[in-house]
Amino acid sequence: MIREDLRTAIATAIGALGLVAPDEISLEVPKARQHGDYSANVALQLAKQAGSPPRDVAAKLLDALSGLGLRHVERIDIAGPGFINFVLSPSWLHDLAAEVLDAGDTYGTNARMTGQHINLEFVSANPTGPLHAGGGRWIATGDAIANLLSSQGAQVHREYYLNDVGNQLIILAASLSARYNSRPFPEDGYVGAYITDIADDIRARHGDALSDEQLCELALTSIIEGIKQDVGRVGVRFDTWFSERTLHERGDVEGVLKRLRLSGHTYLKDEAEWLATEALGDTRDRVLVKADGTTTYLCNDLAYHRDKFDRGYTHLINIWGSDHHGQVKSLRAGVEALTGKPDEPEIILGQLVKLMRGGEEVKISKRAGNMITLADILDEVDADVARMTFLLQGLDTKQTFDLDLVTSQSMENPVYYVQMAHARIASIARKAVELGEVQLPLSDVDLGLLTHHREIEVLRKLSLFPDVVADAADQRAPHKVAHWAHEFSGLFHGWYHDCRVIGVEAPLVQARLWFTEICRIGLSNALGILGVNAPESMARIEDSQ
RNA sequence: GCGCUCGUAGCUCAGCUGGAUAGAGCAGGGGACUUCUAAUCCUCAGGCCGCAGGUUCGAAUCCUGCCGAGCGCGCCA
């Protein structure tokens with residue numbers, strides 16, 4: 001990795017000047033091309049320490065650096081207020097090509113997180129109805145983050161927590177019962193059409209003599225089945241669907257209470273049992289056992305997290321909608337009281353999705369009954385379109401999901417732009433075979449012929465992929481990979497327009513065949529992280545304008 | 001009232017652990033197909049980075065205040 005080589009060299013040069021290097025030597029890829037391939041700002045940072053102007057420091061560093069005989073470095077410039085810019089010869093990119101080919105589908109991966117065993121919990125929407133359209137964001141995001149963490153060597157377990165007990169279920173049961181028995185509808189019940197559908201379906205299959213309890217059980221099974229189907233349609237598989245009931249059945253909740261009592265974290269007040277979370281960073285203490293003797297959501301959730309640790313994970317991550325941010329401190333304080341771990345679980349918050357239809361916001365509410373379900377979306381668009389749309393945006397921005405745009409004008413979706421780049425590569429390969437071009441082994445091919453500025457641009461972008469993935473993994477930011485894929489595709493399309501593979505001189509044909517292969521690897525790996533398909537061909541559009 | 005998140009082109013958004021001239025897509029103007037799929041490419045236009053201060057060599061980025069938006073402040077889940 002050239003970047004690391006340069007960092008080491010800079011550190012050496014700093015040492016040679018008798019200065020102390022900063023903890024991390026920043027080596028950026030400048031936006032402006034004339035600023036070279038990599039740019040270092042250490043001279044500016046060290047000016048104070050050295051007691052001389054930044055440009056002087058830079059000049060001394062440059063002297064020290066040029067004595068090191070760095071590979072691939074064509075020129076080193078000092079520019080602006082004291083930046084040190086490295087201009088690399090194209091040879092480093094040709095080395096890169098070999099590196100990418102060698103790595104294949106592991107290009108962009110890393111072993112930094114090896115040994116970590118992470119439990120990633122996401123979606124976990126209550127099984128009181130089908131997943132709504134916004135839920136797709138959590139499915140796509142969670143899966144992509146899992147892929148990112150895996151790419152860094154971590155072992156990741158995808159988990160969905162099913163709250164299959166409690167109040168909401170009671171409301172669900174009452175709503176169902178009203179429909180099933182044609183009785184007046186309860187206040188605050190779920191009005192969604194799905195309630196009637198489920199009730200009708202159950203009546204058709206099991207008759208009309210069921211008790212409320214039997215009714216609710218059958219409905220719950222059916223709803224959970226539906227959720228699993230929706231998740232599957234998006235292309236995601238959970239390793240575990242964890243039922244909250246098991247916690248109660250096994251006595252885990254009681255066990256956690258005992259443990260907290262023993263460690264002196266609880267106290268009684270106003271006929272309830274409290275957990276002293278304020279001392280651990282919460283805004284105030286929380287109730288664990290209500291006056292009526294039942295446990296709170298937090299109490300059950302603590303038992304759940306205890307169970308996750310008991311299963312041996314080294315780290316827990318939960319992805320939550322920002323509407324739950326108020327629970328973060330309580331849960332973390334509770335987990336600390338329970339386990340002594342102050343930084344668990346890690347909670348990734350994402351802003352909610354705002355659905356637009358006909359230029360107006362559609363408020364989703366299971367109670368009001370105006371549901372737009374995820375299944376509705378998937379009936380209209382490809383899972384790839386949905387995933388890419390959800391993943392293109394950072395988690396801390398509330399996402400505007402325009403149903404009209406995504407469904408009717410889906411041709412504009414960037415996913416096609418990226419997929420088309422991949423399809424074009426496959427198409428070139430097919431054409432080459434068709435015309436009898438035989439791809440020679442890499443060792444017989446001169447990649448040094450890849451000197452077109454389009455090729456250089458593409459290769460340079462490709463070289464950044466591992467950094468982008470590592471960064472995205474660290475920041476739990478899959479959108480960075482989505483943007484990289486889009487940008488990379490743009491550069492590829494530009495190359496495609498200017499550079500032909502078939503029909504140029506034989507040695508160049510060979511070099512470019514390998515060039516397209518490494519592009520394919522990069523794209524395919526990026527799409528793999530996003531969970532988007534990398535097609536071999538695109539369906540031709542019939543009626544484009 | 002307190003807390004969390006956000007405010008960047010007409011629209012949807014990147015960039016935010018400080019760096020050089022603030023980017024992309026869409027929408028708008030103008031061009032490019034006898035070629036490996038034009039779902040493509042090239043080009044033009046478009047910006048007090050919410051407002052005001054502060055920190056420093058340097059601020060869209062960090063700090064403070066204000067304005068505006070969303071969400072949260074239960075012995076609900």
Side-chain angles (χ1 to χ4, degrees), chain A residues 24 26 28 30-32 34-35 39 41 44-45 47-48 53-54 79-83 85 126 128 163 165-169 171 244 269-274 283-284 286-301 321-329 349-352 354 356 389 392-402 405 409-421 423-432 434-435 437 474-475 479-480 482-483 486-487 489-490 492-503 512 516 537-541 544:
Chain A
E24 198 155 327
S26 148
E28 300 206 328
K31 282 174 233 162
Q34 72 265 26
H35 294 140
S39 176
N41 65 350
L44 286 91
Q45 293 171 329
K48 202 169 278 178
F83 291 101
N85 297 334
N126 284 328
T128 52
N163 297 110
V165 284
N167 259 348
Q168 312 218 31
L169 262 284
I171 298 172
E244 184 184 348
K269 191 180 92 180
D270 302 332
E271 293 174 36
E273 185 165 4
W274 295 70
T283 47
R284 63 179 183 82
R286 306 285 163 176
V287 170
L288 289 178
V289 185
K290 296 179 262 182
D292 67 3
T294 60
T295 52
T296 57
Y297 183 88
L298 174 65
C299 185
N300 303 337
D301 212 19
S322 63
D323 52 338
H324 290 100
H325 79 257
Q327 297 159 244
V328 173
K329 284 182 174 174
L349 291 173
Q351 299 290 312
L352 301 180
K354 179 173 152 186
M356 304 284 287
T389 305
L392 222 34
Q393 202 165 125
L395 280 178
D396 48 14
T397 313
K398 75 173 163 241
Q399 183 160 39
T400 308
F401 199 95
D402 190 323
L405 198 77
Q409 294 181 42
S410 62
M411 291 311 172
E412 288 167 11
N413 194 295
V415 73
Y416 295 113
Y417 187 80
V418 177
Q419 289 185 321
M420 188 192 176
R424 277 182 153 172
I425 293 167
S427 169
I428 291 169
R430 278 195 301 272
K431 192 75 179 181
E434 203 178 293
L435 296 179
E437 287 287 357
D474 288 345
Q475 296 186 36
H479 75 277
K480 295 194 178 221
H483 280 274
H486 190 252
E487 287 159 14
S489 300
F492 180 82
H493 285 307
W495 169 84
Y496 181 91
H497 187 264
D498 286 357
C499 299
R500 297 198 56 78
V501 176
I502 289 150
R512 285 185 172 165
T516 58
S537 68
M538 301 294 282
R540 201 184 283 269
I541 32 165
S544 73

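Reminder, nothing fancy here: chain letters follow the sequence lines and each chain counts from 1.
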Checking B:rA77, B:rC71, B:rC36 against the side chain of A:Tyr297 (C-beta onward), the nearest is B:rA77

Can a side chain N or O of A:His324 be found less than 4.0 Å away from OP1 or OP2 on B:rC4? no

Comparing nearest nucleotides in RNA chain B, the 5'-proximal residue of the pair A:His497, A:Ala291 is A:His497

From the candidates B:rC75, B:rA77, B:rA38, the one with an atom nearest any side-chain atom of A:Arg424 is B:rA38

Review point. Hey, is A:His483 stacking on B:rA24? Ring centres under 5.5 Å, planes under 30°.
Key: no

Touch check for A:Arg286, heavy atoms < 4.0 angstrom, all strands: base, sugar-phosphate only, or nothing?
nothing

- Message: If only side-chain N and O atoms count, and only distance matters, is there a donor-acceptor pair under 3.5 Å linking A:Asn163 with A:Gln168?
- Response: no

With a 4.0 Å cutoff (strictly under), does any side-chain N or O of A:Lys290 reach OP1 or OP2 of B:rA77? yes

Between A:Phe492 and A:Ala421, the two heavy atoms sitting closest are CE2-O, 3.7 Å

With syn meaning chi within 90° of zero and anything else anti, the base of B:rC33 is syn

Checking B:rC13, B:rA77, B:rA20 against the side chain of A:Gln327 (C-beta onward), the nearest is B:rA77

Tell me whether A:Phe83 and B:rA20 count as stacked here, given that the ring centres must be under 5.5 Å apart and the planes must differ by less than 30 degrees. yes

- prompt: Has A:Tyr417 got a side-chain N or O lying under 4.0 Å from the OP1 or OP2 atom of B:rC41?
  reply: yes

Base, sugar-phosphate, or nothing for A:Asn41, non-hydrogen atoms under 4.0 angstrom? base

Of all heavy-atom pairs linking A:Ala423 and A:Ser537, the shortest is CB-CA, 3.7 Å

Out of B:rC16, B:rC41, B:rA69, minimum distance to the side chain of A:Lys398 belongs to B:rA69

The reported gap from CD1 in A:Ile502 to CG in A:Leu435 (rounded to nearest 0.5 angstrom) is 5.5 Å

Minimal heavy-atom distance between A:Leu395 and A:Leu349, with the atoms involved, is CB-O, 4.1 Å

Across the strands shown, which category fits A:Gly394 at heavy-atom distances under 4.0 angstrom: base, sugar-phosphate, nothing?
-> sugar-phosphate

If one requires at least 3 consecutive Watson-Crick or G-U pairs with distances under 3.5 Å, the stems of RNA chain B turn out to be B:1-7 with B:67-73, B:10-13 with B:23-26, B:28-32 with B:40-44, B:50-54 with B:62-66

Backbone of A:Met420 reached by a side-chain donor or acceptor of A:His493 within 3.5 Å: no

| request: Please state whether the base of B:rA77 and the side chain of A:Asp301 form at least one donor-acceptor pair under 3.5 Å? | output: no

The nucleotide from B:rA39, B:rC36, B:rA24 with an atom nearest the side chain of A:His486 is B:rA24

- Report the relative orientation of the aromatic rings in A:His479 and A:His483; use parallel for angles under 30°, tilted for 30 to 60°, perpendicular for over 60°. perpendicular

Which of B:rC57, B:rA77, B:rC36 is nearest the side chain of A:Gln168? It is B:rA77

Please classify the nucleic acid contact of A:Cys499 as base, sugar-phosphate, or nothing, using heavy-atom distances under 4.0 Å. base

Looking only at heavy atoms, the pair that brings A:Thr400 and A:Met356 closest together is CG2-CG, 3.4 Å

Of the candidates B:rG3, B:rA39, B:rA77, the side chain of A:His325 sits closest to B:rG3

Shortest non-hydrogen pair, A:Arg512 vs A:Val501, comes out as CB-CG2, 4.0 Å

When rounded to whole Å, the CG to C1' distance for the pair A:Leu349 and B:rC71 reads 11 Å

On RNA chain B, more 5' by nearest nucleotide between A:Thr397 and A:Asn85 is A:Thr397

B:rA60 versus B:rU21 - spacing of their C1' atoms, nearest Å | 15 Å

Closest of B:rA14, B:rU40, B:rA20 to the A:His493 side chain is B:rU40

(Q) Should the side chain of A:Gln475 and the base of B:rU17 be counted as holding a donor-acceptor pair, with the cut-off at 3.5 Å? (A) yes

